[in-house]
Amino acid sequence: MIRGTILGTGSYLPKFRLTNAELEKLVDTSDEWIATRTGIRVRHISGPGEETSKIAAQAARQALAMAGISPEELSQIIVGTITPEMTMPSCACLVQKEIGAVNGYAFDLSAACSGFLYALDIADKQVRANPDSKILVIGAETLSSRVNWQDRNTCVLFGDGAGAAVVGSARGERGILAGKLFSDGRLWDLLHMNAAPSQNPFLGGEDGGGVDPSRLGTPRKDSGSYIRMVGREVFKNAVRAMEDAVAQVLREAGVSASDIDLVVPHQANIRILQSLGERLGISQEKIYINIHKYGNTSAATIPIALDDANREGMLHRGDMVLLCAFGGGFTWGAELIRW
Ligand code: ACO
(Lines give C-alpha, C1' and ligand atoms only; values in the text may rest on other atoms or scores of the structure.)
Protein backbone atom coordinates (compact mmCIF):
# COMPACT_ATOMS: atom_id res chain seq x y z
CA MET A 1 0.00 0.00 0.00
CA ILE A 2 1.24 3.50 -0.87
CA ARG A 3 0.88 6.24 1.73
CA GLY A 4 2.16 9.74 2.33
CA THR A 5 5.09 9.86 4.72
CA ILE A 6 7.23 12.60 6.25
CA LEU A 7 10.74 12.56 4.79
CA GLY A 8 12.16 15.56 6.65
CA THR A 9 11.20 18.33 9.07
CA GLY A 10 12.39 21.87 9.75
CA SER A 11 11.51 24.93 11.77
CA TYR A 12 12.43 28.56 12.32
CA LEU A 13 11.73 30.82 15.29
CA PRO A 14 12.31 34.59 15.03
CA LYS A 15 15.28 35.89 16.97
CA PHE A 16 13.50 38.23 19.41
CA ARG A 17 12.12 36.51 22.51
CA LEU A 18 9.34 38.20 24.51
CA THR A 19 9.15 36.98 28.11
CA ASN A 20 6.19 37.05 30.48
CA ALA A 21 8.12 39.59 32.58
CA GLU A 22 8.15 41.96 29.60
CA LEU A 23 4.41 41.47 29.09
CA GLU A 24 3.88 42.50 32.72
CA LYS A 25 5.07 45.96 31.63
CA LEU A 26 2.56 46.10 28.76
CA VAL A 27 -0.68 44.85 30.35
CA ASP A 28 -2.10 43.99 33.78
CA THR A 29 -0.82 40.40 33.96
CA SER A 30 1.81 38.31 35.73
CA ASP A 31 4.27 35.56 34.87
CA GLU A 32 2.46 33.41 37.46
CA TRP A 33 -0.99 33.89 35.80
CA ILE A 34 0.29 33.21 32.30
CA ALA A 35 2.39 30.18 33.28
CA THR A 36 -0.26 28.48 35.41
CA ARG A 37 -3.21 29.18 33.06
CA THR A 38 -1.42 28.47 29.77
CA GLY A 39 2.03 26.95 30.33
CA ILE A 40 3.65 29.77 28.31
CA ARG A 41 6.88 31.47 29.52
CA VAL A 42 8.34 32.96 26.33
CA ARG A 43 7.27 33.56 22.72
CA HIS A 44 9.23 34.71 19.66
CA ILE A 45 8.32 37.90 17.78
CA SER A 46 9.28 38.57 14.15
CA GLY A 47 11.61 41.43 13.32
CA PRO A 48 12.71 43.00 10.03
CA GLY A 49 13.33 40.36 7.37
CA GLU A 50 11.26 37.82 9.30
CA GLU A 51 7.99 38.14 7.37
CA THR A 52 5.79 35.02 7.21
CA SER A 53 7.17 33.87 3.85
CA LYS A 54 10.77 34.42 4.98
CA ILE A 55 10.46 32.36 8.15
CA ALA A 56 8.49 29.73 6.21
CA ALA A 57 11.34 29.51 3.69
CA GLN A 58 13.89 29.07 6.49
CA ALA A 59 11.89 26.16 7.91
CA ALA A 60 11.48 24.74 4.39
CA ARG A 61 15.23 24.76 3.69
CA GLN A 62 15.85 22.70 6.84
CA ALA A 63 13.12 20.20 5.98
CA LEU A 64 14.43 19.79 2.42
CA ALA A 65 17.99 19.29 3.68
CA MET A 66 16.85 16.59 6.12
CA ALA A 67 14.79 14.89 3.39
CA GLY A 68 17.65 15.09 0.90
CA ILE A 69 15.28 16.66 -1.64
CA SER A 70 16.18 19.62 -3.85
CA PRO A 71 13.68 22.50 -4.29
CA GLU A 72 13.45 21.65 -8.01
CA GLU A 73 12.03 18.22 -7.11
CA LEU A 74 9.00 19.68 -5.33
CA SER A 75 5.68 19.23 -7.06
CA GLN A 76 3.66 21.32 -4.60
CA ILE A 77 4.04 23.79 -1.75
CA ILE A 78 1.12 24.21 0.64
CA VAL A 79 1.34 26.85 3.37
CA GLY A 80 -1.16 26.80 6.23
CA THR A 81 -1.34 30.39 7.47
CA ILE A 82 -3.76 33.07 8.64
CA THR A 83 -1.07 35.76 8.63
CA PRO A 84 0.41 35.94 5.11
CA GLU A 85 2.19 39.27 4.57
CA MET A 86 0.27 39.73 1.33
CA THR A 87 -3.20 38.75 0.19
CA MET A 88 -1.81 38.32 -3.31
CA PRO A 89 0.44 36.59 -4.12
CA SER A 90 0.07 33.78 -1.63
CA CYS A 91 2.68 33.14 1.02
CA ALA A 92 3.31 29.80 -0.72
CA CYS A 93 4.26 31.55 -4.00
CA LEU A 94 6.68 33.79 -2.08
CA VAL A 95 8.22 30.70 -0.46
CA GLN A 96 8.48 29.10 -3.90
CA LYS A 97 10.46 32.14 -5.10
CA GLU A 98 12.65 32.22 -1.95
CA ILE A 99 13.73 28.59 -2.20
CA GLY A 100 13.73 28.28 -6.00
CA ALA A 101 11.10 25.54 -6.31
CA VAL A 102 10.61 26.29 -9.99
CA ASN A 103 8.90 23.05 -11.02
CA GLY A 104 5.94 22.93 -8.66
CA TYR A 105 2.83 24.96 -7.91
CA ALA A 106 2.04 26.67 -4.62
CA PHE A 107 -1.00 27.79 -2.65
CA ASP A 108 -2.07 28.87 0.83
CA LEU A 109 -4.61 27.15 3.00
CA SER A 110 -6.62 28.95 5.69
CA ALA A 111 -7.68 26.73 8.58
CA ALA A 112 -6.20 28.68 11.54
CA CYS A 113 -4.47 26.41 14.06
CA SER A 114 -5.46 23.32 12.04
CA GLY A 115 -3.75 24.65 8.90
CA PHE A 116 -0.76 22.29 8.99
CA LEU A 117 -2.97 19.27 9.64
CA TYR A 118 -5.29 20.17 6.76
CA ALA A 119 -2.28 20.67 4.46
CA LEU A 120 -0.72 17.37 5.54
CA ASP A 121 -3.97 15.53 4.84
CA ILE A 122 -4.13 17.03 1.32
CA ALA A 123 -0.47 16.12 0.72
CA ASP A 124 -1.11 12.53 1.81
CA LYS A 125 -4.00 12.21 -0.64
CA GLN A 126 -1.96 13.74 -3.48
CA VAL A 127 0.93 11.38 -2.83
CA ARG A 128 -1.38 8.35 -2.78
CA ALA A 129 -2.70 9.42 -6.21
CA ASN A 130 0.75 10.38 -7.59
CA PRO A 131 3.45 8.47 -5.68
CA ASP A 132 6.31 10.40 -7.31
CA SER A 133 5.09 13.68 -5.79
CA LYS A 134 7.24 15.50 -3.27
CA ILE A 135 5.17 18.03 -1.35
CA LEU A 136 6.38 20.74 0.98
CA VAL A 137 3.86 21.30 3.77
CA ILE A 138 4.37 24.38 5.94
CA GLY A 139 2.65 26.04 8.90
CA ALA A 140 3.86 29.64 9.31
CA GLU A 141 2.51 32.60 11.25
CA THR A 142 3.43 36.10 12.36
CA LEU A 143 0.51 36.53 14.75
CA SER A 144 2.28 39.42 16.51
CA SER A 145 0.99 41.60 13.66
CA ARG A 146 -2.63 40.65 14.42
CA VAL A 147 -2.66 40.67 18.22
CA ASN A 148 -4.11 43.55 20.22
CA TRP A 149 -1.20 44.29 22.54
CA GLN A 150 -3.57 46.13 24.90
CA ASP A 151 -5.80 43.05 25.39
CA ARG A 152 -4.42 40.83 28.14
CA ASN A 153 -6.94 38.10 27.29
CA THR A 154 -5.16 37.37 24.02
CA CYS A 155 -1.78 39.11 23.78
CA VAL A 156 -0.09 36.75 26.25
CA LEU A 157 -1.05 33.67 24.23
CA PHE A 158 0.44 34.00 20.78
CA GLY A 159 3.86 33.92 19.13
CA ASP A 160 5.49 33.82 15.70
CA GLY A 161 7.21 30.88 14.02
CA ALA A 162 7.28 28.42 11.15
CA GLY A 163 7.58 24.68 10.73
CA ALA A 164 7.80 22.51 7.63
CA ALA A 165 7.69 18.90 6.49
CA VAL A 166 8.50 17.26 3.16
CA VAL A 167 5.93 14.61 2.26
CA GLY A 168 6.74 11.80 -0.15
CA SER A 169 5.45 8.26 -0.65
CA ALA A 170 6.21 5.08 1.27
CA ARG A 171 5.25 1.50 0.56
CA GLY A 172 4.37 -1.01 3.23
CA GLU A 173 3.63 -0.20 6.85
CA ARG A 174 5.11 3.27 7.04
CA GLY A 175 3.31 6.58 6.60
CA ILE A 176 0.01 8.30 7.35
CA LEU A 177 -2.36 5.52 8.42
CA ALA A 178 -5.51 7.59 8.89
CA GLY A 179 -6.67 11.18 9.01
CA LYS A 180 -9.89 12.99 9.90
CA LEU A 181 -10.65 16.66 9.39
CA PHE A 182 -13.66 18.63 10.63
CA SER A 183 -15.04 22.15 10.74
CA ASP A 184 -18.08 23.92 12.17
CA GLY A 185 -18.62 27.45 10.90
CA ARG A 186 -21.62 27.98 13.19
CA LEU A 187 -19.29 28.74 16.08
CA TRP A 188 -17.08 31.16 14.12
CA ASP A 189 -17.54 34.10 16.46
CA LEU A 190 -16.00 32.38 19.50
CA LEU A 191 -12.58 32.73 17.87
CA HIS A 192 -12.09 35.09 14.97
CA MET A 193 -10.03 37.79 13.33
CA ASN A 194 -11.57 40.22 10.83
CA ALA A 195 -9.85 40.68 7.51
CA ALA A 196 -7.67 43.78 7.29
CA PRO A 197 -10.01 46.64 6.39
CA SER A 198 -11.04 46.44 2.77
CA GLN A 199 -14.50 47.27 1.65
CA ASN A 200 -16.26 48.10 -1.58
CA PRO A 201 -16.35 51.91 -1.31
CA PHE A 202 -19.60 51.99 -3.27
CA LEU A 203 -21.47 50.05 -0.60
CA GLY A 204 -23.02 50.96 2.73
CA GLY A 205 -21.71 53.55 5.14
CA GLU A 206 -22.43 54.67 8.69
CA ASP A 207 -26.11 55.14 7.80
CA GLY A 208 -26.34 51.71 6.18
CA GLY A 209 -27.11 53.34 2.82
CA GLY A 210 -26.87 51.50 -0.47
CA VAL A 211 -24.51 52.00 -3.37
CA ASP A 212 -23.15 55.55 -3.42
CA PRO A 213 -20.25 56.53 -5.69
CA SER A 214 -19.66 59.71 -3.66
CA ARG A 215 -18.40 57.53 -0.81
CA LEU A 216 -15.38 56.52 -2.89
CA GLY A 217 -12.29 57.46 -0.93
CA THR A 218 -14.16 58.09 2.34
CA PRO A 219 -12.02 56.79 5.22
CA ARG A 220 -13.57 53.70 6.81
CA LYS A 221 -13.66 52.89 10.48
CA ASP A 222 -11.31 49.96 11.21
CA SER A 223 -13.66 47.33 12.57
CA GLY A 224 -10.74 45.74 14.41
CA SER A 225 -8.64 43.15 12.64
CA TYR A 226 -7.27 41.67 15.84
CA ILE A 227 -7.69 38.12 17.14
CA ARG A 228 -10.76 37.89 19.38
CA MET A 229 -11.55 34.89 21.50
CA VAL A 230 -14.04 33.68 24.10
CA GLY A 231 -11.31 31.67 25.79
CA ARG A 232 -13.34 29.47 28.12
CA GLU A 233 -15.76 28.33 25.37
CA VAL A 234 -12.87 27.68 22.98
CA PHE A 235 -11.16 25.64 25.69
CA LYS A 236 -14.19 23.37 26.23
CA ASN A 237 -14.80 22.90 22.51
CA ALA A 238 -11.11 22.19 21.84
CA VAL A 239 -10.90 19.36 24.35
CA ARG A 240 -14.16 17.73 23.24
CA ALA A 241 -13.45 18.06 19.51
CA MET A 242 -9.87 16.78 19.60
CA GLU A 243 -10.88 13.83 21.78
CA ASP A 244 -13.56 12.90 19.25
CA ALA A 245 -11.25 13.32 16.23
CA VAL A 246 -8.55 11.19 17.85
CA ALA A 247 -11.07 8.46 18.76
CA GLN A 248 -12.29 8.36 15.14
CA VAL A 249 -8.78 8.16 13.70
CA LEU A 250 -7.74 5.39 16.08
CA ARG A 251 -10.90 3.46 15.25
CA GLU A 252 -10.32 3.84 11.51
CA ALA A 253 -6.72 2.61 11.83
CA GLY A 254 -7.64 -0.19 14.24
CA VAL A 255 -5.16 1.15 16.79
CA SER A 256 -5.73 1.64 20.52
CA ALA A 257 -4.61 4.63 22.60
CA SER A 258 -2.08 2.41 24.40
CA ASP A 259 -0.30 1.82 21.04
CA ILE A 260 0.54 5.53 20.68
CA ASP A 261 4.23 6.31 21.21
CA LEU A 262 4.02 10.09 20.95
CA VAL A 263 1.26 12.69 20.60
CA VAL A 264 2.37 15.89 18.88
CA PRO A 265 -0.61 18.18 19.43
CA HIS A 266 -1.40 21.79 18.59
CA GLN A 267 0.04 23.86 21.42
CA ALA A 268 -2.65 26.33 22.58
CA ASN A 269 -2.76 25.69 26.32
CA ILE A 270 -1.01 23.15 28.52
CA ARG A 271 -4.24 22.52 30.44
CA ILE A 272 -6.04 21.55 27.20
CA LEU A 273 -3.30 18.98 26.55
CA GLN A 274 -3.46 17.61 30.11
CA SER A 275 -7.24 17.26 29.86
CA LEU A 276 -6.96 15.59 26.46
CA GLY A 277 -4.39 13.08 27.76
CA GLU A 278 -6.63 12.18 30.72
CA ARG A 279 -9.71 11.70 28.52
CA LEU A 280 -7.83 9.55 26.00
CA GLY A 281 -5.98 7.55 28.64
CA ILE A 282 -2.60 8.63 27.24
CA SER A 283 0.05 9.43 29.86
CA GLN A 284 1.50 12.95 29.97
CA GLU A 285 5.04 11.72 29.13
CA LYS A 286 3.73 10.67 25.73
CA ILE A 287 2.41 14.15 24.94
CA TYR A 288 5.06 16.40 23.39
CA ILE A 289 4.88 19.91 24.84
CA ASN A 290 6.96 22.96 23.89
CA ILE A 291 4.38 25.70 24.48
CA HIS A 292 6.53 27.15 27.31
CA LYS A 293 9.15 28.22 24.73
CA TYR A 294 6.99 29.45 21.86
CA GLY A 295 3.37 30.13 22.93
CA ASN A 296 0.60 29.46 20.42
CA THR A 297 1.97 29.91 16.90
CA SER A 298 -1.31 28.71 15.32
CA ALA A 299 -0.67 26.64 12.16
CA ALA A 300 3.04 26.47 13.00
CA THR A 301 2.82 24.73 16.39
CA ILE A 302 2.56 21.15 15.12
CA PRO A 303 5.37 21.28 12.53
CA ILE A 304 7.63 23.13 14.99
CA ALA A 305 6.91 20.54 17.69
CA LEU A 306 7.40 17.71 15.20
CA ASP A 307 10.77 19.14 14.19
CA ASP A 308 11.83 19.67 17.81
CA ALA A 309 10.84 16.10 18.71
CA ASN A 310 12.57 14.77 15.58
CA ARG A 311 15.84 16.61 16.29
CA GLU A 312 15.70 15.54 19.95
CA GLY A 313 15.68 11.91 18.72
CA MET A 314 12.18 11.20 20.04
CA LEU A 315 10.81 9.82 16.77
CA HIS A 316 11.94 6.33 15.79
CA ARG A 317 11.17 4.28 12.69
CA GLY A 318 7.95 2.36 13.33
CA ASP A 319 6.71 4.64 16.14
CA MET A 320 3.01 5.42 16.22
CA VAL A 321 2.76 9.23 16.17
CA LEU A 322 -0.53 11.07 16.62
CA LEU A 323 -1.11 14.69 15.55
CA CYS A 324 -4.22 16.64 16.55
CA ALA A 325 -5.31 20.26 16.31
CA PHE A 326 -8.14 22.66 17.00
CA GLY A 327 -8.53 26.25 15.85
CA GLY A 328 -10.64 29.12 14.59
CA GLY A 329 -13.48 28.24 12.25
CA PHE A 330 -13.88 26.06 14.24
CA THR A 331 -11.55 23.64 12.46
CA TRP A 332 -10.08 20.49 13.94
CA GLY A 333 -8.75 17.05 13.16
CA ALA A 334 -6.24 14.28 13.80
CA GLU A 335 -3.68 12.32 11.74
CA LEU A 336 -2.04 9.04 12.72
CA ILE A 337 1.43 8.31 11.34
CA ARG A 338 3.63 5.25 11.54
CA TRP A 339 7.02 7.00 11.53
N1 ACO B 1 -3.44 38.06 33.06
C2 ACO B 1 -4.18 38.14 34.18
N3 ACO B 1 -5.49 37.92 34.21
C4 ACO B 1 -6.10 37.59 33.06
C5 ACO B 1 -5.40 37.50 31.84
C6 ACO B 1 -4.02 37.74 31.88
N7 ACO B 1 -3.25 37.67 30.78
N8 ACO B 1 -6.26 37.16 30.87
C9 ACO B 1 -7.46 37.04 31.43
N10 ACO B 1 -7.38 37.30 32.75
C11 ACO B 1 -8.44 37.32 33.76
C12 ACO B 1 -9.80 37.54 33.14
O13 ACO B 1 -10.01 38.94 32.96
C14 ACO B 1 -10.71 36.93 34.18
O15 ACO B 1 -10.86 37.86 35.24
P16 ACO B 1 -12.29 38.03 35.96
O17 ACO B 1 -12.58 36.67 36.55
O18 ACO B 1 -12.01 39.09 36.97
O19 ACO B 1 -13.22 38.41 34.88
C20 ACO B 1 -9.89 35.77 34.72
O21 ACO B 1 -8.53 36.04 34.36
C22 ACO B 1 -10.29 34.43 34.15
O23 ACO B 1 -10.44 34.56 32.76
P24 ACO B 1 -10.83 33.33 31.86
O25 ACO B 1 -10.84 33.75 30.41
O26 ACO B 1 -12.03 32.66 32.37
O27 ACO B 1 -9.55 32.39 32.12
P28 ACO B 1 -9.32 30.89 31.67
O29 ACO B 1 -8.97 30.07 32.83
O30 ACO B 1 -10.39 30.38 30.74
O31 ACO B 1 -7.98 31.03 30.78
C32 ACO B 1 -7.33 31.13 28.46
C33 ACO B 1 -7.99 31.85 29.63
C34 ACO B 1 -5.90 30.88 28.81
C35 ACO B 1 -7.44 32.01 27.22
C36 ACO B 1 -8.05 29.77 28.20
O37 ACO B 1 -9.44 29.96 28.20
C38 ACO B 1 -7.64 29.12 26.89
O39 ACO B 1 -6.52 28.69 26.72
N40 ACO B 1 -8.58 28.95 25.95
C41 ACO B 1 -8.35 28.19 24.71
C42 ACO B 1 -7.36 28.81 23.75
C43 ACO B 1 -7.33 27.98 22.49
O44 ACO B 1 -7.43 26.76 22.49
N45 ACO B 1 -7.26 28.58 21.31
C46 ACO B 1 -7.42 27.76 20.12
C47 ACO B 1 -6.56 28.02 19.07
S48 ACO B 1 -6.17 29.71 18.76
C49 ACO B 1 -6.34 29.92 17.06
O50 ACO B 1 -7.02 29.22 16.35
C51 ACO B 1 -5.65 31.12 16.41
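We count ligands from 1, going down the list as the structure has it; atoms in each ligand are counted the same way.
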Inset, instruction - Take every heavy atom of V156, measure it against each atom of ligand 1, and state whether any distance is under 4.0 Å. - result: yes

Inset, instruction - Say whether Q76 and Y105, considering side chains only, have a donor N or O and an acceptor N or O under 3.5 Å apart. - result: yes

Legend entry - Mode of T29 contact toward ligand 1 - side chain, backbone, both, neither (heavy atoms, under 4.0 Å): both

Inset, instruction - Taking atom 16 (P) of ligand 1 as the reference point, report whether a protein heavy atom occurs under 4.0 Å from it. - result: no

Inset, instruction - Inspect the contact between K134 and E73 and indicate whether a charged nitrogen and a carboxylate oxygen are less than 4.0 angstrom apart. - result: no

Legend entry - Nearest neighbour in protein (non-hydrogen) for atom 11 (C) of ligand 1: R152 NH2, 3.6 Å

Legend entry - Heavy atom of protein inside 4.0 Å of atom 9 (C) of ligand 1, strictly below: yes

Inset, instruction - Indicate whether atom 20 (C) of ligand 1 is within a distance of less than 4.0 angstrom of some protein heavy atom. - result: no

Inset, instruction - Name the closest protein heavy atom to atom 31 (O) of ligand 1, giving the residue it belongs to and the distance to 0.1 Å. - result: R271 NH2, 3.5 Å

Legend entry - Same apolar cluster: I55 and I138, side chain cutoff 4.5 Å: no

Inset, instruction - Identify the protein heavy atom lying closest to atom 32 (C) of ligand 1, giving its residue, its atom name and the separation to 0.1 Å. - result: N269 ND2, 4.3 Å

Inset, instruction - Go through S144 and D160 one step at a time and tell me if the side chain to side chain donor-acceptor pair (under 3.5 Å) criterion holds. - result: CA-CA 7 Å; S144 58; D160 301 339; 2.7 Å; yes

Legend entry - Which segment of L191 sits under 4.0 Å of ligand 1 when only heavy atoms are counted: side chain

Legend entry - Structural part of T38 in contact with ligand 1, heavy atom criterion under 4.0 angstrom: side chain

Inset, instruction - Look at the side-chain heavy atoms of Ile, Leu, Val, Met, Phe, Trp and Tyr, link any pair under 4.5 Å apart, and say whether I82 and V95 land in one connected group. - result: no

Legend entry - Residues R174, R3; criterion side chain to side chain contact (heavy atoms under 4.5 Å, CB included); working and verdict: CA-CA 7 Å; R174 238 187 123 192; R3 299 189 177 92; over 6 Å; no

Inset, instruction - Within a distance under 4.0 Å of any heavy atom of F326, pick out the atoms of ligand 1 and give their elements. - result: 47 (C)

Inset, instruction - Identify the residue among E50, Q62, K54 that makes a side-chain hydrogen bond (donor to acceptor under 3.5 Å, both in side chains) with Y12. - result: E50

Legend entry - R240/D244 salt bridge by N-O under 4.0 Å criterion: no

Legend entry - Nitrogen or oxygen atoms of S298 and ligand 1 under 3.5 Å apart: no

Legend entry - Candidate with minimal heavy-atom separation from atom 51 (C) of ligand 1, of S30, C113, C155: C113

Inset, instruction - Could you verify whether a donor N or O on one side chain and an acceptor N or O on the other, from D259 and S256, lie under 3.5 Å apart? - result: yes

Inset, instruction - Determine, stepwise, if the pair D308 / K293 fulfils salt bridge (charged side-chain N to carboxylate O under 4.0 Å, His left out). - result: CA-CA 11 Å; D308 276 4; K293 295 193 281 185; 3.7 Å; yes

Inset, instruction - Among all protein heavy atoms, pick the one closest to atom 33 (C) of ligand 1 and tell me residue, atom and distance. - result: W33 CH2, 4.0 Å

Inset, instruction - Taking only heavy atoms of V234 into account, list the atoms of ligand 1 that are under 4.0 Å away from them. - result: 41 (C), 43 (C), 44 (O), 45 (N), 46 (C)

Legend entry - Salt-bridge criterion met for R41 and D31 (N-O under 4.0 Å): yes

Legend entry - Short side-chain donor-acceptor distance under 3.5 Å, D189 and H192: no

Legend entry - Region of N296 engaging ligand 1 - heavy atom pairs below 4.0 Å: side chain

Legend entry - For atom 40 (N) of ligand 1, the protein heavy atom that lies nearest, with its residue and separation: G231 O, 3.0 Å

Legend entry - Atoms in ligand 1 with a heavy atom of I272 nearer than 4.0 Å: 41 (C), 44 (O)

Legend entry - Closest protein heavy atom to atom 30 (O) of ligand 1, given as residue, atom name and distance to 0.1 Å: R232 NE, 3.8 Å

Inset, instruction - Describe, in one word, how the ring planes of F326 and F330 are oriented to each other, choosing from parallel (under 30°), tilted (30 to 60°) and perpendicular (over 60°). - result: tilted

Inset, instruction - State whether any protein heavy atom lies less than 4.0 Å from atom 45 (N) of ligand 1. - result: yes

Inset, instruction - Compute whether any side-chain donor of one residue and acceptor of the other, for T38 and N269, lie under 3.5 angstrom apart. - result: no

Legend entry - Any M229 heavy atom less than 4.0 Å to ligand 1: yes

Inset, instruction - Just let me know how V27 lines up against ligand 1, side chain, backbone, both or neither, with a heavy-atom cut-off below 4.0 Å. - result: neither

Legend entry - Heavy atom of protein inside 4.0 Å of atom 25 (O) of ligand 1, strictly below: no

Inset, instruction - Provide, to 0.1 Å, the distance between atom 27 (O) of ligand 1 and the closest protein heavy atom, together with that atom's residue and name. - result: R37 NH1, 3.2 Å

Legend entry - Qualifying residue, where the test is side-chain hydrogen bond (donor to acceptor under 3.5 Å, both in side chains) with E141 and the options are T297, T81, N296: T81

Inset, instruction - Identify, by atom number and element, the atoms of ligand 1 in contact range of G327, meaning under 4.0 Å from any of its heavy atoms. - result: 50 (O)

